[in-house]
Amino acid sequence: MLHLNGTPTATPTASAAMAPLLHHHLHLHLHLYRISSPLFSISKLHISSITPFPQKIFNLSLAKKPTLTSQVSSVSTISSTTHLDFAIPEETHLEIPLDKLFVPPEVDISDGFEALSARVLKGSNIVLSSYAKDAQIKEAEFVKSSTRTEDCPSDGLPEFALVGRSNVGKSSLLNSIVRRKRLALTSKKPGKTQCINHFRINDSWHLVDLPGYGYAAAPKELRTDWAKFTKDYFLNRSSLVSVFLLIDGSIPAKKIDLEYASWLGQNEIPMTLIFTKCDKRKKKKNGGTRPEENVEDFQHLIREHFQAVPPWIMTSSVTNQGRDEMLLHMAQLRNYWLKH
Ligand SMILES: Nc1nc2c(ncn2[C@@H]2O[C@H](COP(=O)(O)OP(=O)(O)OP(=O)(O)O)[C@@H](O)[C@H]2O)c(=O)[nH]1
Ligand SMILES: [Mg+2]
């Protein structure tokens, strides 16, 4: 474990302002001077609309804290009290505009844009906070399959649910996250996962694999049932920290995914967009679009249904792209949820 050094600042932080403003854009007006980075030459910058965590993750539960070891790259902007146990990807997304970043609470934004940018997780819009600890997975085990929300485990552990179109790669992503080939069963044929499947991680939180939606070959009754039972789970599962909505990042946005994202937004269910299959890059001359373009377009299309910009991460279960970033994101959401 490595403790990062840094000077605690006496300047105002976002946290004080965040409490009364959850669920809303946080309008901050900072004036930064002489920002010098290879990608920016701005003399004065106006930041508005920084995104806090959604309100629904402010709950309480219990969890053990597993001890982990890993190296940390230098992130000097993190406060001196931060204990990180995970490798922080070195590359950052300097090109993401400030108003599209997901900024967790208690992140000191007074250090300015450059400092924030240095803490954006690679291939995402997520700023790393001091809550990103105990991120690594040591143990993963299947707990149970349920067909109703009432039958799901009642231990109150925080959980993240993977949902998305049939065949988008939910089960593959779960296996990639836990580094096990077949913990969740996958298939080329859509419709493999049929129940709410709980997997317990490090004895302290759950990953949940859900059946896919939009499986055209499924009978109509089955599709209606799917909508009913997963939506009931989203609306009533009190230990749900965030839904991870998986979107195929290798193709342009599909109507059904846009509708699903909008439904989650309208119902104020905390959501993270996980773009899958980002290893698949069709050539432009063959009519293909790049994952980066698909990610940008998708967000643009759902924008009106969200008060705040949802967090997003680009992933691939083939190359394990986004794996560490997902773990860090889940760790900071989880630890914040446990504390509040
Ligand atoms: N190239 C590539 N293929 C992937 C990736 N993730 C999944 N696949 C493939 O996509 C297919 C579907 O994967 P699953 O993980 O079973 O998809 P699912 O979303 O769980 O599907 P259902 O359970 O049927 O809803 C499989 O053939 C996977 O090998 C990825 O990141 N890159
Ligand atoms: Mg599956």
Side-chain angles (χ1 to χ4, degrees), residues 122-124 140-147 152 159-199 201 206-220 222-231 233-234 243-254 256-261 264 271-283 286 288-295 298 312-327 329:
K122 185 182 167 191
S124 86
E141 57 177 335
F142 172 70
V143 184
K144 71 180 289 198
S145 289
S146 319
T147 48
C152 292
E159 67 192 38
F160 301 92
L162 304 177
V163 68
R165 216 156 20 85
S166 215
N167 233 234
V168 71
K170 298 175 291 298
S171 304
S172 304
L173 189 73
L174 192 144
N175 290 333
S176 150
I177 293 170
V178 301
R179 291 189 197 268
R180 293 259 290 275
K181 281 215 167 73
R182 288 180 62 80
L183 187 64
L185 297 181
T186 65
S187 166
K188 281 205 168 74
K189 232 175 85 192
K192 181 76 188 167
T193 310
Q194 289 296 344
C195 299
I196 306 175
N197 293 312
H198 275 78
F199 298 86
I201 313 295
H206 287 135
L207 265 177
V208 183
D209 190 18
L210 293 169
Y213 56 75
Y215 175 31
K220 206 159 183 241
L222 203 73
R223 280 186 265 160
T224 319
D225 276 358
W226 180 89
K228 263 216 311 247
F229 111 107
T230 51
K231 286 181 179 174
Y233 165 85
F234 295 142
V243 172
F244 283 4
L245 178 60
L246 274 62
I247 306 294
D248 189 335
S250 69
I251 54 170
K254 292 238 186 248
I256 192 161
D257 292 332
L258 296 169
E259 284 169 1
Y260 214 80
L264 290 168
M271 177 191 80
T272 300
L273 289 171
I274 305 291
F275 292 94
T276 63
K277 307 191 185 183
C278 291
D279 57 286
K280 284 169 83 177
R281 288 173 177 268
K282 259 209 199 151
K283 294 239 163 65
N286 299 336
T289 44
R290 291 186 307 121
E292 291 76 9
E293 289 170 58
N294 300 330
V295 168
F298 194 90
W312 57 263
I313 307 176
M314 294 173 76
T315 69
S316 161
S317 305
V318 172
T319 63
N320 286 332
Q321 177 189 350
R323 180 185 182 275
D324 291 353
E325 290 76 8
M326 276 189 77
L327 289 173
H329 177 56

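In each ligand, atom 1 is the first atom listed, and ligand 1 is the first ligand listed.
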Evaluate [X] for polar contact with ligand 1, using N/O atom pairs at a separation under 3.5 Å.
X      : answer
Thr315 : no
Leu173 : no
Thr276 : no
Asp209 : no
Lys280 : no
Val168 : yes

| query | How does Asp279 reach ligand 1, by side chain, by backbone, by both or by neither, if only non-hydrogen atoms under 4.0 Å count? | reply | side chain
Taking the minimum heavy-atom distance to [atom], which of [options] ranks first?
atom                    : options                : answer
atom 30 (C) of ligand 1 : Lys170, Arg165, Lys277 : Lys277
atom 28 (C) of ligand 1 : Ser172, Ser171, Gly169 : Ser172
atom 31 (O) of ligand 1 : Gly322, Ser317, Ser250 : Ser317

| task | Identify, with sequence neighbours excluded, every residue that meets side chain to side chain donor-acceptor pair (under 3.5 Å) alongside Glu292. | result | Arg281, Arg290
| field | Partner residues of Thr272 under the side chain to side chain donor-acceptor pair (under 3.5 Å) criterion, sequence neighbours left out | value | Ser242, His329
| Ser316 neighbourhood, listing ligand 1 atoms whose heavy-atom distance to it stays under 4.0 Å | 31 (O)
| So, Arg165 side chain and Ile256 main chain: donor-acceptor pair closer than 3.5 Å or not? | no
| field | Under 3.5 Å donor-acceptor, Thr276 side chain and Val168 backbone | value | yes
| task | Could you check whether the rings of Phe244 and Phe160 sit parallel, tilted or perpendicular, using 30° and 60° as the cut-offs? | result | tilted
